[in-house]
Amino acid sequence: MHGEDASTKNSAPPEVDSEEEIPEDHPRYQDLITRHRIEAGVEKGITHLQGMHAEGRGSAFDYLLGETTIPTADAAEKAAAAQLLLADQPVLSVNGNVAALVPSEITELAEAVDADLEINLFNRTDERLQRIADHLKEHGATDLKGLDADAKIPELDHGRGLVDEDGIYSADVVLVPLEDGDRAEALDAMGKTEIVIDLNPLSRSPQTADIPIVDNILRAVPNITEHAQDLKGRSESNLQEIVNSFDPESHLTAAEDRIRTGESKPES
Ligand code: PTJ
């Protein structure tokens, strides 16, 4: 997508009521799908209005990244799959943007790595929690955590610190996509192994993560699932090797270089 004239290529066809109406041959098809899902999420009461701002930021980074999974992001996604398969108690955290963008895909990932799904909201209300739970169930989720909220992330005030005692609170590995930096840091301080999906390589969340993934969640989640399916049955030592050989710093640097210059540096 680099070098395209965004002003002429970005406009959604008017009056799109369902995503099937978005033409698949549109050069920015994936971006239009993303915008449509977030808009539908807000209308359905599952995505917070601030989720639109978050998506706008993400979309700008994705445009500069070339709307593609760069090679080091693919390596991060493979390492994430291996780490989730190695975990004793993996949990995938779901907020209002994640629920709107990848409800089926995150449910499929949870099944592939035998993880729990936990709804964990920055702007927490019982009404939105329930709507997200219903929405995820419509997309195949069966067992959901996050509704009990019987534990608290230390040093994090308000509803955003509330979690389930038998979910995120006691998990060893947590996937936190599109996360606020404070919460990512607080989870890190609890000693969790954190996997973060975030299109901004400079954000505190990926900077804090053990495995940062700078990629669009729309591409990242299905790719982690695919890697997990390929890696199933591998020995623990082989999975650990995959995790150990992933270098978070090089991935963050490669993503930042790509965003700043539009070019991928050759692997050294
Ligand atoms: O549903 P809630 O109440 O939990 O609120 C969710 C949001 C996302 C509003 C909340 O967590 C928030 O304000 O997050 P931030 O601090 O805006 O961070 C969101 C990060 O996600 C930003 O760094 C964006 O660049 C990134 N992002 C946005 N869309 C995508 C993305 N990363 C990957 N894929 C995307 N599609």
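All values reported here derive from a predicted model rather than from experimental measurement.
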Which atom of [X] lies closest to which atom of [Y], heavy atoms considered:
{"X": "Pro23", "Y": "Tyr29", "result": "O-CD1, 3.2 Å"}
{"X": "Val243", "Y": "Ala82", "result": "CG2-CB, 3.9 Å"}
{"X": "Ala81", "Y": "Ala228", "result": "CB-N, 3.6 Å"}
{"X": "Pro206", "Y": "Pro212", "result": "O-CB, 3.4 Å"}

OG on Ser205 to CD on Glu194, rounded to 0.5 Å: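 Those atoms lie 8.0 Å apart.
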Interatomic spacing from OG1 in Thr208 to CG in Asp198 - rounded to 0.5 Å: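 Going from OG1 on Thr208 over to CG on Asp198, the span is 10.5 Å.
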Pairs where residues 214-227 contributes a residue and the test side chain to side chain donor-acceptor pair (under 3.5 Å) is met, not counting sequence neighbours: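 Pairs touching residues 214-227 that pass the test: Gln30-Arg219, Asp62-Asn216, Asp62-Arg219, Thr69-Asp215, Thr69-Arg219, Asp74-Asn223, Asp74-His227, Glu77-Asn223, Asp215-Arg219.
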Qualifying side chain to side chain donor-acceptor pair (under 3.5 Å) pairs, either residue in residues 114-132, two or more places apart: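 As it turns out, the side chain to side chain donor-acceptor pair (under 3.5 Å) pairs with a partner in residues 114-132, which skip direct neighbours, are Asn120-Arg183, Glu127-Arg131, Gln130-Asp134.
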Exercise: do Asp247 and Ser250 side chains pair donor with acceptor under 3.5 Å: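 Indeed, the side chains of Asp247 and Ser250 share at least one donor-acceptor pair under 3.5 Å.
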Quick check: does any side chain N or O of [X] sit under 3.5 Å from a backbone N or O of [Y], one acting as donor and the other as acceptor?
{"X": "Asp150", "Y": "Glu165", "answer": "yes"}
{"X": "His158", "Y": "Arg160", "answer": "no"}
{"X": "Asn95", "Y": "Leu121", "answer": "no"}
{"X": "Asn200", "Y": "Leu202", "answer": "yes"}

Under-4.0 Å salt bridge between [X] and [Y]:
{"X": "Lys192", "Y": "Asp172", "value": "no"}
{"X": "Glu256", "Y": "Arg260", "value": "yes"}
{"X": "Arg37", "Y": "Glu19", "value": "yes"}

Steps toward salt bridge (charged side-chain N to carboxylate O under 4.0 Å, His left out) verdict (Asp230, Lys78): CA-CA 10 Å; Asp230 286 348; Lys78 185 172 177 184; over 6 Å; no
Counterpart residues, side-chain hydrogen bond (donor to acceptor under 3.5 Å, both in side chains), relative to Asp210 (two or more places apart):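 Expected list: none.
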Connected hydrophobic set around Val176, excluding itself, where side chains approach under 4.5 Å: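 For the cluster that includes Val176, the remaining residues are Val91, Ile153, Leu156, Val163, Ile168, Tyr169, Val174, Leu187, Met190, Val196.
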Residues that His48 engages under ring-ring contact (aromatic ring centres under 6.0 Å, His included), provided they are two or more places apart: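 With neighbours one apart ignored, the set is empty.
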Residues 97-113 side chain polar contacts: donor-acceptor under 3.5 Å, at least two apart:
{"from": "Asn97", "atom 1": "ND2", "to": "Gly51", "atom 2": "O", "distance (Å)": "3.0"}
{"from": "Thr107", "atom 1": "OG1", "to": "Pro103", "atom 2": "O", "distance (Å)": "2.7"}

